[in-house]
Every structure is written in structure tokens, then in C-alpha cells.
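Below is one structure; the comments refer to it alone.
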Amino acid sequence: MCLFCKIAAGEIPSNKVYEDETILAFRDINPQAPVHVLVIPKIHIPSLDGITPENSAVVTHLFECIPSIAKEAGLVNGYRLVSNCGPDACQSVPHLHFHLLGGKQLSETMN
Ligand code: AMP
């Protein structure tokens, strides 16, 4: 089982900010901004490249939850949502996740 599958299963503790039947949001252990939340599907999807017609409903649901997760995290002045996919993007955990970042003026650059 991968690291985020273990977090989703509760085998490894996390600082949860939102959870329902299919997704989980928790604080990043090494925050890159005052607010840095990771949002994951509970099912194992390795990366953006693993999204298919069979599993995309959970991804749609995850996106539908972003506004309320952001609001609950106090991101009233905007935020950034990022997903690293593969080695060029420095993906380090092979389980689809979205970085929800904010709580300060973020940089204009994306790279
Ligand atoms: P990425 O590099 O895009 O794959 O992002 C993986 C993220 O997972 C990094 O920002 C890490 O800080 C974060 N991370 C790794 N292990 C944990 C953990 N046990 N709990 C919370 N966040 C973690």
C-alpha cells in the first residue's frame, strides 16, 4: 500500500481538514505556504495520468469539494491548486494528490 493509501486508511496519522467516503484532505507535513493542504482520492490513482472514465467520478467529486475545503481552511482571498505528475514535475508520492496553497500572496511564476 502506498503512503497516501495508508493515510486514507488511517494506518498513518494525518492532520485532517476534510473527509468523506471517497476523498480526504489533510495538512502537508512540509508546508510551502501558510496554508498547504493535500486533497486525495481514497482509491489509489497513481497520478493525473491514471485518470480514466472508470475513476473520474471521484476526481469530479474532489473538484466539487475544493471551494468548501478552501473556505474552511480560511482561504478567503484566493488560492492555488497544483498537481505534480511524473518526474519532470517532481512528483514524490505516487498517489494522485492536489496541493491547495494559500494564506499569502503567491508568486506569479508557476515553475
Ligand atoms: P509531490 O512532491 O507533489 O508528490 O507532493 C507530495 C507531498 O506530500 C509533499 O508536499 C510532502 O511534503 C507531502 N507529504 C509526504 N509525506 C507526508 C505525510 N506523511 N503527511 C503529510 N504530507 C506528506
Side-chain angles (χ1 to χ4, degrees):
M1 220 191 282
C2 85
L3 173 64
F4 286 177
C5 280
K6 287 179 180 168
I7 287 177
E11 290 180 16
I12 291 177
S14 65
N15 191 343
K16 293 178 191 177
V17 300
Y18 176 78
E19 181 172 23
D20 65 25
E21 280 186 11
T22 59
I23 71 164
L24 176 66
F26 55 98
R27 305 272 176 190
D28 195 293
I29 204 166
N30 182 26
Q32 304 296 311
V35 175
H36 187 169
V37 170
L38 298 174
V39 191
I40 68 168
K42 288 185 172 178
I43 58 166
H44 184 74
I45 301 173
S47 72
L48 291 171
D49 270 348
I51 297 173
T52 66
E54 288 71 38
N55 66 24
S56 62
V58 69
V59 182
T60 300
H61 173 68
L62 186 155
F63 274 96
E64 288 171 350
C65 291
I66 292 295
S68 59
I69 294 171
K71 190 176 176 190
E72 196 64 28
L75 297 172
V76 293
N77 206 38
Y79 54 85
R80 183 169 290 160
L81 190 68
V82 177
S83 185
N84 297 318
C85 179
D88 274 5
C90 301
Q91 182 181 1
S92 63
V93 178
H95 182 122
L96 179 64
H97 54 282
F98 294 87
H99 298 259
L100 178 62
L101 297 153
K104 69 169 187 177
Q105 180 66 59
L106 299 171
S107 68
E108 286 185 20
T109 56
M110 295 285 285
N111 60 350

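Indexing begins at 1, ligand by ligand and atom by atom, following the structure's order.
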**OP:** Run the contact test for S14 against ligand 1 with a 4.0 Å cut-off on heavy atoms, strictly below, and give the result.
**Re:** no
Subject >> Whether over 12 other heavy atoms sit under 6.0 Å from E19 CD >> reply: yes
**OP:** Measure the distance from atom 20 (N) of ligand 1 to every protein heavy atom, then report the residue, atom name and distance (to 0.1 Å) of the closest one.
**Re:** I29 CB, 3.7 Å
Subject >> Ligand-side contact atoms (ligand 1) for residue partner H99, heavy atom cut-off under 4.0 Å >> reply: 1 (P), 3 (O), 5 (O), 7 (C), 10 (O)
Original post:
Heavy atoms, side chains only, cut-off 4.5 Å: are N84 and C90 in contact?
Top reply: no
**OP:** Answer yes or no: does atom CD of E11 have more than 12 heavy-atom neighbours from other residues, nucleotides or ligands under 6.0 Å?
**Re:** yes
**OP:** Decide yes or no for I23 and Y18: does some side-chain heavy atom of the first lie under 4.5 Å from some side-chain heavy atom of the second?
**Re:** yes
Subject >> Proximal ligand 1 atoms for C90, defined as those under 4.0 Å from one of its heavy atoms >> reply: 2 (O)
Subject >> Per-atom contacts of ligand 1 with V93, taking only distances under 4.0 Å to non-hydrogen atoms >> reply: 4 (O), 6 (C)
Original post:
Taking heavy atoms and a distance under 4.0 Å, where does F98 meet ligand 1: side chain, backbone, both or neither?
Top reply: neither
Original post:
For the residue pair H95 and F4, does the interplanar ring angle fall in the parallel (under 30°), tilted (30 to 60°) or perpendicular (over 60°) class?
Top reply: perpendicular
**OP:** Identify, for atom 16 (N) of ligand 1, the protein heavy atom at the shortest distance, and state residue, atom and that distance.
**Re:** L3 CD2, 3.4 Å
Original post:
Hey, does H97 sit under 4.0 Å from ligand 1 if you only count heavy atoms?
Top reply: yes
Original post:
What is the closest protein heavy atom to atom 4 (O) of ligand 1, and at what distance does it sit?
Top reply: S92 N, 2.7 Å
**OP:** Could you list which atoms of ligand 1 come closer than 4.0 Å to a heavy atom of D28?
**Re:** 7 (C), 8 (O), 9 (C), 10 (O), 11 (C), 12 (O), 13 (C), 22 (N)
Original post:
Can you check whether L38 reaches I7 side chain to side chain, under 4.5 Å on heavy atoms?
Top reply: no
**OP:** Under 4.0 Å from a heavy atom of I7: give me the atoms of ligand 1 that qualify, with their elements.
**Re:** 18 (C), 19 (N), 20 (N)
Original post:
At a 4.0 Å threshold, what atoms of ligand 1 neighbour a non-hydrogen atom of N30?
Top reply: 12 (O)
Original post:
Which atoms of ligand 1 are found less than 4.0 Å from any heavy atom of L38?
Top reply: 8 (O), 13 (C), 22 (N)
Original post:
Is a side-chain N or O of R80 found less than 3.5 angstrom from the main chain of M110, in a donor-acceptor match?
Top reply: no
Subject >> Test item: K42 and V58 side chains (from C-beta on) under 4.5 Å apart, heavy atoms >> reply: no
Subject >> Q91 neighbourhood, listing ligand 1 atoms whose heavy-atom distance to it stays under 4.0 Å >> reply: 4 (O)
Original post:
V35 versus K104: any side-chain heavy-atom pair under 4.5 Å?
Top reply: no
